[in-house]
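The sequence lines fix the lettering, A, B, ..., with proteins before strands; numbering per chain opens at 1.
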2 protein chains.
Amino acid sequence: MTRMARRRILTREGIVAAGVAVADRSGIEGVSMRSVGKELGVEGMSLYHHVTNKDDLLDALAAWVFEQIELPPADAEWRSAMERRAQSARLVLRAHPWAIGMLESRPTPSLALLRHHDRVLGWLFDAGFSAASATHAFSAVDAFVYGFALSESTLPFQTEEGTEADFADAVAPDPAEYPNLARSLSDLLGAGSYSYADEFDVGLTFILDSVERSLTA
Amino acid sequence: MTRMARRRILTREGIVAAGVAVADRSGIEGVSMRSVGKELGVEGMSLYHHVTNKDDLLDALAAWVFEQIELPPADAEWRSAMERRAQSARLVLRAHPWAIGMLESRPTPSLALLRHHDRVLGWLFDAGFSAASATHAFSAVDAFVYGFALSESTLPFQTEEGTEADFADAVAPDPAEYPNLARSLSDLLGAGSYSYADEFDVGLTFILDSVERSLTA
DNA sequence: ACCTGAACACCGTTCAAGT
DNA sequence: ACCTGAACACCGTTCAAGT
């Protein structure tokens, strides 16, 4: 309609950026060839000149999110590096929750993913981990990070907003039927400062403490 | 067509069972009102007399999967009970990977979920955990279990089938570019008996060891 | 070379119509 | 009361047609 919509520039990068914008706004199910096209002022069918199909576009979205994760330098100390990477991954997945479950899913891993994994293993090898124990540490931390992001994204309340108390009021489990749930909620929220977000650091520390112990043992 | 298709019995349970069958066969994106209807020899529109809409059907599928998870008795010892529950959850999610990410996601938790959570907290309270430390243990284990199921479901090779070596041959990272990845793969697979599935027990032990230590400390 | 419009085989959902 | 057929507004994708 408007003369602005006429652009000669339709690139893969631009399409990915538009896809991220649509997904952030309407979730992954809101991403269609037509909706991403509209975001760029173009028909959905035009995208097929730059991406193979929708699956290719989703691959590109997953790779984009993965590249947002901060990766400490190769010579970093293993534990703080694992921590920084985990914290960054969690923030990225909280900002783009539609990406959880896409990250490692695609059959052809992106080059960024291979580089990323190689560096993580590097930290651990430098610290004296064997291949087996490095894999143990890596697998446990990643499963926890992804799972936490998954739990956080599907939680009925939003973290980081102090609405846990509102949530408790809304749910209010019958103490006769669910005594432990009721006790847990009243203890945690009665204390006044509970935040589910803190569970991330606790869980990560559980894992890294055991990993560290297994190294020095 | 056939006279068999005429049935007077179209129940919510039957619809859920048909939905599970379709999802197991074609994934969650294969579940449509029409496809589930066809599974029952009925038009898709007929389902609306027994489920509110597709979202309601998906809620019911999530609840069904959740109920498949084995829950040890209320008086079980906390650590072995947590372990059995985690192992069962993992097996259920491996059998129905389409359910990962649906389990805790729905705004109205099923009664089964509340009962389940209440019992888990009960084990921990009986062992002397505070509300805070019980929540720490619960959150960490669940994030790990869900995340591991997620990783496992998206892995390029199938676990429990010994195809890890085939996978390594297929990927074969360039040792010049990804030295740590190459070393890791050759060390693990050279030893001959690597199975990604074992990482589940290792990671779970990492977490439960730290939890146990925090209890007795 | 790049974008488009029509077409095809699908969706979820509504609703009037059948039994 | 329960099931259906047509209809609506969507999908992904193909392909001939436009520039």
Side-chain angles (χ1 to χ4, degrees), chain A residues 1-62 98 101-102 105-108, chain B residues 1-63 98-99 101-102 105-108:
Chain A
M1 271 352 172
T2 83
R3 45 232 173 303
M4 291 212 53
R6 265 283 149 267
R7 298 183 194 282
R8 199 112 310 269
I9 35 112
L10 199 57
T11 64
R12 195 170 217 272
E13 290 73 31
I15 290 170
V16 170
V20 169
V22 172
D24 284 348
R25 197 192 313 129
S26 348
I28 199 68
E29 76 280 9
V31 176
S32 72
M33 299 303 274
R34 287 169 172 90
S35 67
V36 174
K38 180 184 272 188
E39 182 81 12
L40 293 163
V42 113
E43 298 298 316
M45 297 73 196
S46 308
L47 306 185
Y48 284 91
H49 289 275
H50 301 91
V51 297
T52 318
N53 50 28
K54 187 181 179 181
D55 226 52
D56 182 35
L57 174 56
L58 293 179
D59 277 346
L61 291 181
W98 46 266
M102 301 178 62
S105 67
R106 304 286 155 171
T108 49
Chain B
M1 269 354 172
T2 84
R3 46 234 173 302
M4 292 211 53
R6 266 282 151 269
R7 297 183 194 282
R8 199 108 314 265
I9 36 114
L10 199 56
T11 63
R12 195 170 217 271
E13 291 71 33
I15 291 171
V16 170
V20 169
V22 172
D24 285 348
R25 196 192 313 127
S26 346
I28 199 69
E29 76 280 11
V31 176
S32 71
M33 299 304 274
R34 286 169 173 91
S35 68
V36 174
K38 180 184 273 187
E39 182 81 12
L40 293 163
V42 113
E43 299 298 316
M45 297 72 196
S46 308
L47 306 185
Y48 284 91
H49 289 277
H50 302 90
V51 298
T52 318
N53 51 27
K54 188 180 179 182
D55 226 53
D56 183 34
L57 174 56
L58 293 179
D59 277 346
L61 291 181
W98 46 267
M102 299 178 64
S105 68
R106 303 285 156 171
T108 49

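Rounded to whole angstrom, the span from the CG atom of Leu58(A) across to the P atom of dG12(D) amounts to 9 Å. Computed from coordinates, the Lys38(A) NZ to dC11(D) C1' distance equals 14 Å when rounded to whole Å. Spacing between atom CG of Leu10(A) and atom P of dC3(C) amounts to 5 Å, rounded to whole angstrom units. dC11(D) atom C1' lies 12 Å from atom NZ of Lys54(B), rounded to whole Å. If you take CD of Glu29(A) and P of dG12(D), they are 12 Å apart, rounded to a whole angstrom. A straight line from CE of Met33(A) to P of dA7(C) spans 21 Å, rounded to a whole angstrom. Nucleotide dG12(D) holds its P atom 14 Å from the CD1 atom of Ile15(A), rounded to whole Å. Between Asp56(B) atom CG and dG12(C) atom P the separation is 14 Å, expressed in whole Å.
Considering only residues two or more places apart in sequence or on other chains, Ser26(B) meets the side-chain contact (heavy atoms from CB on, under 4.5 Å) condition with Val22(B). A search for salt bridge (Lys or Arg N to Asp or Glu O under 4.0 Å) contacts involving Arg25(A) returns Glu39(A), not counting sequence neighbours. Legend: residues meeting side-chain contact (heavy atoms from CB on, under 4.5 Å) with Glu43(A), ordered by chain and number and at least two apart, are Met45(A), Ser46(A). Residues forming a salt bridge (Lys or Arg N to Asp or Glu O under 4.0 Å) with Arg34(A) (at least two apart in sequence, or on another chain): none.
For dC3(C), the base has a donor-acceptor partner in the side chain of His49(A) [N/O atoms by modelled type, under 3.5 angstrom].
Stem list for DNA chain C (at least 3 consecutive Watson-Crick or G-U pairs, distances under 3.5 Å): C:4-8 with D:12-16, C:12-16 with D:4-8.
When each of Val31(B), Val36(B), Ile15(B), Leu61(B) is checked for a side chain to side chain contact (heavy atoms under 4.5 Å, CB included) with Val20(B), only Leu61(B) meets the rule.
The shortest distance between side-chain heavy atoms of Asp56(A) and Arg12(A) falls below 4.5 Å. Contact check for Leu58(A) versus Ile28(A): side-chain heavy atoms found under the 4.5 Å cut-off.
Residues Ser35(B) and Gly30(B) share a closest heavy-atom pair of OG-O, 2.9 Å.
Judged by closest nucleotide on DNA chain C, Glu43(A) is the one of Glu43(A) and Arg34(A) placed further toward the 5' end.
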Dump every N/O contact between nucleotides 14-19 of chain C and the protein below 3.5 Å, one line per pair.
none

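Not one side-chain nitrogen or oxygen of Ser46(B) sits closer than 4.0 Å to the OP1 or OP2 atom of dC2(D). The side chain of Ser32(B) places an N or O atom within less than 4.0 Å of a non-bridging phosphate oxygen (OP1 or OP2) of dC11(C).
Annotation: the span from His50(A) atom NE2 to Glu13(A) atom CD amounts to 10.0 Å, rounded to 0.5 Å.
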